Amino acid sequence: MWLFLIRRIAGLASVLLAMTVVLFTLQQLVPADPARALVGPNAPNSLVEAKRKEMGLDRPLPVQYWRYMVRLAQGDLGQSVYTHNPVTRDLARYTPATLELVATALAIGLLIGAAVALPQALTRWGGVLRLGLIGATSAPIFLTGLLLALLFWYRLGWLPGGGRISPDDFRLGPTGFMTLDSILTGQPRMMLDALAHLVLPALTLALPIAVAIARTLASSLQEVYRQGYIRTARAKGLSETAVLTRHAMRNAAGPALSMISLQVALIFNNILIVEALFSWPGLGLYMVRAFASADLPAVLGVAMVAAATYLVVAAIVDVLRAVFDPRLGTQ
């Protein structure tokens with residue numbers, strides 16, 4: 001197991017290094033001039049050249065990459081053209097909101113997916129649930145979000161239709177995660193308000209995840225229930241609950257866990273649409289504004305956070321798969 005962990009950490013480090021090369025190359029290929037963007041479109045050429053020299057853009061590419069890596073190691077991702085703040089400061093401000101939304105969407109998607117997969121694998125009527133879930137996610141994600149907002153916000157008035165928290169006299173905590181801060185500061189009303197704002201955007205992101213997990217888990221369970229050790233466990237007199245929890249789920253969890261890591265990438269593809277739709281102040285909304293302002297440092301900073309998050313989640317999923325199936329830890 002320890003050798004497996006070392007290999008995973010080494011692989012994660014190598015992929016992150018390759019990612020820095022890709023992002024640096026994109027920065028060179030994009031026609032926008034970062035020096036011109038920082039000094040303004042009406043600045044004289046002499047000022048632009050002075051800014052280029054200050055930023056080291058007149059140096060050879062290997063020197064620029066080395067300086068880029070040194071700044072990256074120091075947490076310097078450049079200055080945002082849109083906010084005029086260091087990109088790292090903007091990321092520290094917007095990342096907690098996105099991570100909170102992503103974690104909630106994954107949890108909801110996993111619960112719904114498992115709730116659909118188990119009846120589908122164990123009963124004759126699970127297909128009805130699966131068809132209903134597929135029908136709920138057959139529309140594009142922006143249309144799904146609009147329909148959910150129209151029903152639960154506009155028509156019923158049960159949930160807020162946008163934002164992250166109501167404009168109220170809440171004491172914000174130190175972490176930036178509203179639900180966690182409400183616990184740390186002892187504000188149960190703030191927690192309820194934050195959870196209410198989370199439901200619609202998280203549910204919009206969670207429905208496609210639930211479909212993928214339900215399909216994968218149901219297929220794995222159906223395959224596992226055909227194996228001989230399941231019949232042996234039943235012959236020993238174990239209850240169906242014990243057979244499911246001790247044998248079936250343990251052996252069927254691997255493909256479903258792999259699907260979760262793939263769905264993290266899907267979430268970051270959809271996060272721009274969902275955060276803009278629900279005015280969620282996270283990385284997606286920040287990136288939309290960065291695109292509109294041709295803010296290349298902000299775009300690359302968000303891309304790095306998204307890629308790093310996906311790689312870390314993929315590594316955690318691989319470790320969990322090795323825990324469920326010890327044979328993977330010896331490979």
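For clarity, every value in this text was computed on a predicted model and none was experimentally measured. In what follows, residues are counted from 1 in the order of the sequence shown.
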Give a yes or no answer on whether the side chain of [X] reaches the backbone of [Y] with a donor-acceptor pair at less than 3.5 Å.
X: Gln263; Y: Leu106; value: no
X: Glu275; Y: Pro281; value: no
X: Asp193; Y: Ser166; value: yes
X: Thr216; Y: Ala212; value: yes

[Y] and [X], any side-chain heavy atoms less than 4.5 Å apart:
X: Val21; Y: Tyr65; value: yes
X: Thr204; Y: Phe278; value: yes
X: Phe152; Y: Leu159; value: yes
X: Leu207; Y: Leu203; value: yes
X: Met69; Y: Leu17; value: yes
X: Leu300; Y: Val87; value: no
X: Thr179; Y: Leu198; value: yes

Minimum heavy-atom separation for [X] to [Y], with atom names?
X: Ile183; Y: Met191; value: CG1-CE, 3.1 Å
X: Thr98; Y: Leu283; value: OG1-N, 2.6 Å
X: Leu91; Y: Leu77; value: CD1-CD1, 3.5 Å
X: Arg164; Y: Trp280; value: CG-CH2, 3.5 Å
X: Gly113; Y: Ile213; value: CA-CG2, 4.3 Å
X: Gly176; Y: Pro96; value: O-CB, 3.5 Å

State yes or no: do [X] and [Y] share one hydrophobic cluster built from I, L, V, M, F, W and Y residues joined by side-chain heavy-atom distances below 4.5 Å, directly or via other members?
X: Leu272; Y: Val305; answer: yes
X: Ile108; Y: Leu192; answer: no
X: Leu148; Y: Leu266; answer: no
X: Ile209; Y: Val199; answer: yes

Is there a side-chain contact (heavy atoms from CB on, under 4.5 Å) between Arg215 and Val116 once you walk through the steps? CA-CA 9 Å; Arg215 286 177 173 176; Val116 173; over 6 Å; no
Partner of Val302 by side chain to side chain contact (heavy atoms under 4.5 Å, CB included), out of Tyr94, Tyr286, Phe268: Tyr286
Look up atom [atom1] in [X] and atom [atom2] in [Y], then write down how far apart they are to the nearest 0.5 Å.
X: Leu277; Y: Leu285; atom1: CG; atom2: CG; answer: 11.0 Å
X: Leu101; Y: Ile267; atom1: CG; atom2: CD1; answer: 8.0 Å
X: Ser182; Y: Leu184; atom1: OG; atom2: CG; answer: 8.0 Å
X: Ile273; Y: Leu143; atom1: CD1; atom2: CG; answer: 11.5 Å
X: Ile165; Y: Met178; atom1: CD1; atom2: CE; answer: 4.5 Å
X: Asp76; Y: Thr88; atom1: CG; atom2: OG1; answer: 6.5 Å

Is there a side chain to side chain donor-acceptor pair (under 3.5 Å) between Ser80 and Asn85? Walk through the geometry before answering. CA-CA 6 Å; Ser80 170; Asn85 295 325; over 6 Å; no
Stepwise, does the side-chain contact (heavy atoms from CB on, under 4.5 Å) test hold for Ile141 with Leu205? CA-CA 8 Å; Ile141 193 164; Leu205 287 172; 4.2 Å; yes
